[in-house]
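Numbers here simply count residues along the sequence, with the first being 1.
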Amino acid sequence: MKPLNLIRSLLVASATVMALGAQAAPAYDAAAWQADYSQLKKIMEKDYANLAWFASPEGGVDLPALDRKTLQALRAAGNDEEARRVIAAFVASFKGGHFSVSPALAKAAVAPKPVAPKPFDAADTTGVCAGLGFLPNNHVAFSLPLETLPNFQLLSDGLSSVYRAGVATASDGRKIGVIRIQNFRLKSFPATCTIALKELRDKGAKIDAQTLDDTADDKWTMALSDEIKVLKAAGISALLIDIGDNSGGDDHGDQYARLLTGRPVRSARLLVTANAGGKAYADEQVASLDEVISKSPPPPKEALDALTQARDFFVKVGEASKTPCDLSWVWKEQRPWANQGCKRLVDAGYAGGYAATLPQGAFGDQNIAYHLSLASSFDEFWGLWTGPLYVLTDGRTYSSAEMFAAVVQDNRIGKTVGATTGGDGCGFMSADIRQTLPHSGLSLRIPNCVRLRADGSNEVTGIAPDIPVLATEGEDGRQRGERLIEAVSSDNRPR
């Protein structure tokens, strides 16, 4: 072929490929995206626990204005990517990380096959804990680089030990004990498992996955007790719990607050969505209570009466969850939180269960007390520390960590210091069920519970610090860490 003919052929081929590509690319369907947005709002009306809060002036989001802005932006969008950004911006306006949108997933060529978990092998000293999911995937170091301060002594590294802990000496000579809780999930602390494994092997005990997991759970709390004892012996005048850069976890955020005071502690009020998720939570509580009530021999009368009362309460929660109300008004007007009438939420007791609190040793049976208030499972550890307490928070403190900070504040156990938390609030009291928008395929993660503060506000707003220690221009983390220790020491001086 002559060079000129070859060039012509390549040009023709290139044009053909481009034309085919243009034909293959689906056209932007503005109406379909607007229909997805309409569907998103209906899903939120049905399932989003915080919608009524954000529909109030207290929530800090003007929903009618946001709706108008989003509709206008969708009409102006010229392609799918712009439309996706509009939907993502709408969701982000609610500032609660539990409510989020994920990109559409690629279609699987074949149905994914189940992958069996790694077989349990107690003899595999190196890999058995990792195989059970004990993984160091959280920020173990202090959320500010306190370890690098000249007057800080690191006592436990949080790697070979369960917790990272040490003593900071302020300029006035006061010693501040610091313990890092990087997460409120057991499996974020691999040392709990490795320590438990060694102990079980040293005892010659039979080791299976459940025994190892249970023993690790015991070590998690016991290690906190041990660290506090060591810090007390070091002569600290105040204790600082670092939950900065803590993404949350489970109910330990509520339960661990009891370990740090000698006074009674009340859990936050809990609301669940009036939908299938709320009913699932209520049904789970009823089933758990039935198990205790039906035991032989039956519980003593006082305990049986309390359990039966709790059961009747959760039956009513389940029934109320089946009778939702209309929340479509939120896109048209704002209504004060206290006077809304319709919130599509059901009072579900407290974050720790049916009871806000129980006395230590309630009913003389920890299992019965646990089914009424989860924190009772740790009552032998209550009051490990009763001195001045401070909790370090930042903008990456979320979810269960926010519950911990809020319980500390609302029960006047101690003071929070640092920056306002991220504002996740309550996440999921039943299964995390995702909803998918039909056209875009965007996947929605929607929380189904609300925790209310002592003043009636919603944790999703974030927990503001009692003592702000904010980042300033020209300052590095070590300098801010130094200011933090000085702020705690100054606040702790006798007045």
Q) Would Tyr370 and Phe363 count as a ring-ring contact (aromatic ring centres under 6.0 Å, His included) if you check the C-alpha gap in whole Å, the side-chain angles of each, and the deciding distance to 0.1 Å? A) CA-CA 10 Å; Tyr370 166 79; Phe363 306 110; over 10 Å; no

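With respect to Arg164 and Glu147, a salt bridge is recorded, a charged nitrogen being found less than 4.0 Å from a carboxylate O. A salt bridge does not link Asp312 with Lys316: none of the charged nitrogens is closer than 4.0 Å to a carboxylate oxygen. In summary, Asp379 and Arg258 do not engage in a salt bridge, as defined by a charged side-chain N under 4.0 Å from a carboxylate O. Looking at Lys187 and Asp213, a side-chain N of the basic residue comes within less than 4.0 Å of a carboxylate O on the acidic one, giving a salt bridge. Ion pairing of Lys118 with Asp124 is present here, as a side-chain N (NZ or NE/NH1/NH2) and a carboxylate O approach within less than 4.0 Å. Between Arg174 and Asp172, at least one side-chain nitrogen of the basic residue sits less than 4.0 Å from a carboxylate oxygen of the acidic one, meeting the salt-bridge criterion.
Scanning all heavy atoms of the two residues, the minimum distance from Leu231 to Gly166 falls at CD2-O, 3.5 Å. What you find for Pro190 and Leu135 is that their closest heavy atoms are CG-C, 3.7 Å. Considering all non-hydrogen atoms of both residues, Gly262 and Thr386 come closest at N-CG2, 3.6 Å. Looking at every heavy atom in both residues, Ser443 comes nearest to Arg434 through OG-CD, 3.5 Å. Taking every heavy atom of both residues into account, Phe381 and Thr221 meet most closely at CD1-CG2, 3.6 Å.
Under a cut-off of 6.0 angstrom, the local environment of CZ in Arg478 is sparse, with at most 12 non-hydrogen atoms contributed by other residues, nucleotides or ligands. Other residues, nucleotides and ligands contribute over 12 non-hydrogen atoms within 6.0 Å of the CD atom of Gln360. Other residues, nucleotides and ligands place more than 12 heavy atoms under 6.0 Å from the CZ atom of Phe314.
Of the candidates Phe378, Phe404, Phe184, His252 forms a ring-ring contact (aromatic ring centres under 6.0 Å, His included) with just one, namely Phe378.
By the 4.5 Å heavy-atom criterion applied to side chains, Leu200 and Thr215 are counted as neighbours. Using a 4.5 Å heavy-atom threshold, the side chains of Arg445 and Ser102 count as separate.
The closest side-chain donor-acceptor pair between Ser399 and His98 falls under 3.5 angstrom.
Separation of the Trp220 and Tyr256 ring centroids falls under the 6.0 Å cut-off.
Lys343 places a side-chain N or O within donor-acceptor distance of the main-chain N or O of Trp337, the cut-off being under 3.5 Å.
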